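First up is the structure itself, then whatever we jot down about it.
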Amino acid sequence: MSEVSQSNDDEIDLFELFETLWRGKWKIIVTTVIATLVGIAFSLFKPNLYEVSTSIQNGKPSVFLKHNIINDVIKDSRLNLTGDLISAPIIFSMVIDEFNDYETIINIISNDEFVRKSIKDLDENDKRKALIKYAKLFEITPPFKNEKNWMLSFEWHDDEEGSRLLNEALILTLINVKTTLLNDIDQLATSLEINIQRELENLGNELNLIKQRQKYENNQRILYLVEQSAIAKELGIDTNTLDANALAQTPSSGTSLNISSNEIFHLRGFKAIDKEISLIKSRSEEEQLLLASGYLEITKKIMSLENDLSVSQIRNFLKYIENDNQNDWVQFDLTLADSKSQKNSKLYVALSIVLGGMLGAMYVFISNTIRKRKERLVKA
């Protein structure tokens, strides 16, 4: 019996619920209409943003084939560098770093009329912050999982205007990368030139030391020979009279007498000694240096450095890079970009209708509850 009564109470409550909603239907309708109008107004006046994205990737390998020579020259130079200086991956990495520095895109968007109007009343510090905020709307992002291409994207109130700004920023980025690359190569050439010049100076200093040492050794040799010649003349030895090897060993025992060649040099005779003195004095400086220890090795190194073409070759290659079309260094096409509007008017209106109906129903229930409570209080 109680279950039947409870069921009847539920049916009465449900009926009262619908009756309450029906009595307050105009309030619900009015609330829904007002919320819908607010949603429509919001969708109309809310600034639209377009999200545009397209892939960006390395330039074709064929574009960089002509630059392989400069890579080889730099590797073979005296800089002891390994790895390529110019290649598709290296250039692409430079482009990413330059673009994500924000300065390039800031230089571009700061001249945009929309941006100028939005920051004209700000102080310099706030202008800078606003420009950075706008610049962050343009980005190059790495590939997501299971993808291979980097993505070039932006959010802007006008997709065509955003594409123009992004294209200009990329062109300026490539120009900056090219300038950086030219400066780096020129600095390498300058560094190589300085290294070669420093080595030449060191070798030249070593050569001067060899010349001085050879001069002293010649003077020392002549002084010694003059003394030995005087001894030979005093002893009346004009020609070689004794075999030094035979004198160094006794015929009976074969033991060495340990007599140095310097001690018996005068036994060669003053004629031979005077002839050696004459030959030494008659030699030219070049002939004397040819006999000097280390002279030929130093001379060969100097000739190798003086005929090193690395610096001139590297600087000649700068012309090829200057004439290169940097726009081919990366591949992207903004005309193929996907553009999505972030403004969804239908969704805003639908949400407004649902929200308006809910608010209207809540208002009806609350007002009905308050009315019944007042009635009960009056009856009591």
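Remember, predicted model here, so these are calculated numbers, not experimental data. Note: hydrogens, waters and symmetry copies are ignored here, and every other heavy atom, side chains too, is used.
By the neighbour-count criterion of 12 heavy atoms within 6.0 Å, atom NZ of K75 is densely surrounded, having more than that number from other residues, nucleotides or ligands. Counted within 6.0 Å of CD on E217, heavy atoms from surrounding residues, nucleotides or ligands total more than 12; the atom is thus considered enclosed. For E234, the CD atom sits in a loose shell: 12 or fewer heavy atoms of surrounding residues, nucleotides or ligands are nearer than 6.0 Å. More than 12 non-hydrogen atoms from other residues, nucleotides or ligands lie less than 6.0 angstrom from CG of L209.
In plain terms, the two heavy atoms of S339 and V52 that are nearest each other are OG-CG2, 3.7 Å. Minimum heavy-atom separation, V63 to D324: O-OD2, 4.5 Å. The two residues R221 and E276 make their nearest non-hydrogen contact at NH2-OE2, 2.9 Å. Across all their heavy atoms, A130 and L122 have their closest contact at CB-CD1, 4.1 Å. I298 approaches E206 most closely through the heavy-atom pair CD1-OE1, 3.0 Å. The shortest non-hydrogen separation linking G59 to A88 is O-CB, 3.7 Å.
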After noting the C-alpha distance and the side-chain angles of E168 and L172, does the key distance pass the side-chain contact (heavy atoms from CB on, under 4.5 Å) rule?
CA-CA 6 Å; E168 291 181 3; L172 182 57; over 6 Å; no
Could you walk me through whether L334 and L152 pass the side-chain contact (heavy atoms from CB on, under 4.5 Å) check?
CA-CA 9 Å; L334 290 174; L152 185 65; 4.2 Å; yes
Run the salt bridge (Lys or Arg N to Asp or Glu O under 4.0 Å) check on R128 and E103 step by step: do they pass?
CA-CA 11 Å; R128 177 68 181 176; E103 291 302 324; 2.5 Å; yes
I'd like to know whether Q197 forms a side-chain contact (heavy atoms from CB on, under 4.5 Å) with E201, so could you lay out the CA-CA distance, the side-chain angles of the two residues, the decisive distance to 0.1 Å, and finally the verdict.
CA-CA 6 Å; Q197 187 60 37; E201 290 175 358; 3.8 Å; yes
Go through it in stages, so that I can follow the logic: the residues are K178 and W329, the test is side-chain contact (heavy atoms from CB on, under 4.5 Å), and I'd like the CA-CA distance, side-chain angles, deciding distance and then a yes or no.
CA-CA 10 Å; K178 185 177 185 178; W329 289 358; 3.7 Å; yes
Would R164 and E161 satisfy salt bridge (Lys or Arg N to Asp or Glu O under 4.0 Å), going step by step from the backbone distance to the final call?
CA-CA 5 Å; R164 182 187 66 81; E161 181 69 12; 2.4 Å; yes
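At a threshold of 4.5 Å between non-hydrogen side-chain atoms, the residues K233 and D274 count as touching. With contacts defined as side-chain heavy-atom distances shorter than 4.5 Å, the pair F332/L166 does not qualify. The shortest distance between side-chain heavy atoms of I185 and F317 does not fall below 4.5 Å. For the pair S55 and M151, the minimum side-chain heavy-atom distance is below 4.5 Å. By the 4.5 Å heavy-atom criterion applied to side chains, I74 and L192 are not counted as neighbours. A 4.5 Å side-chain heavy-atom check between F99 and T104 finds every atom pair outside the cut-off. L225 is listed as a side-chain neighbour of I280, based on a closest heavy-atom distance under 4.5 Å. For the pair K215 and Q212, the minimum side-chain heavy-atom distance is 4.5 Å or more.
Without hydrogens or angle criteria, R213 side chain to A292 main chain gives no donor-acceptor distance under 3.5 Å. Formation of a donor-acceptor pair under 3.5 Å by the N316 side chain with backbone atoms of S312 is found in this model. Remark: the backbone N or O of I106 is paired with a side-chain donor or acceptor of S110 at under 3.5 angstrom. At least one donor-acceptor pair closer than 3.5 Å links the side chain of N71 to the backbone N or O of L85. Here the side chain of S93 pairs no donor or acceptor atom with the backbone of P89 at under 3.5 angstrom. Between the side chain of Q288 and the backbone N or O of R283 there is at least one donor-acceptor pair closer than 3.5 Å.
With rounding to the nearest 0.5 Å, the separation of CD in E139 from OG in S53 is 10.5 Å. Note that CD of E51 and CG of L137 are 10.5 Å apart. Values are rounded to the nearest 0.5 Å. Summarising the geometry, atom CG belonging to D97 is positioned 11.0 Å from atom OG1 belonging to T173; distances are rounded to the nearest 0.5 Å. The distance from the CD1 atom of I108 to the CG atom of L131 is 12.5 Å, given to the nearest 0.5 Å. Atoms CG and CG, from D328 and L174 in turn, are 9.5 Å apart once rounded to the nearest 0.5 Å. Atom CG of D126 sits about 10.5 Å away from atom CD1 of I119, to the nearest 0.5 Å.
When hydrophobic clusters are built by joining Ile, Leu, Val, Met, Phe, Trp and Tyr residues whose side-chain heavy atoms come closer than 4.5 Å, directly or via intermediates, I171 is not grouped with V177. Linking Ile, Leu, Val, Met, Phe, Trp and Tyr whenever their side-chain heavy atoms come within less than 4.5 Å leaves M362 and I353 in two separate clusters. Hydrophobic clustering of Ile, Leu, Val, Met, Phe, Trp and Tyr side chains at less than 4.5 Å, counting indirect connections, keeps I105 apart from I175. In this structure, I314 is a member of the same hydrophobic cluster as L182, with clusters built from ILVMFWY side-chain heavy atoms closer than 4.5 Å. Both I69 and L181 are members of a single hydrophobic cluster when ILVMFWY side chains are connected at heavy-atom separations under 4.5 Å.
Within the structure, side chain to side chain donor-acceptor pair (under 3.5 Å) contacts touching residues 295-309 (residues at least two apart or in different chains) are R78-S304, R78-D308, E286-Y295, D308-S310.
Between F114 and Y134, the ring-plane angle classifies as perpendicular under the 30° and 60° cut-offs. The aromatic rings of F138 and W156 are tilted relative to each other, their planes meeting at an angle between 30° and 60°.
T190 and R315 are linked by a side-chain donor-acceptor pair at a separation below 3.5 angstrom, with hydrogens and angles left out of the test.
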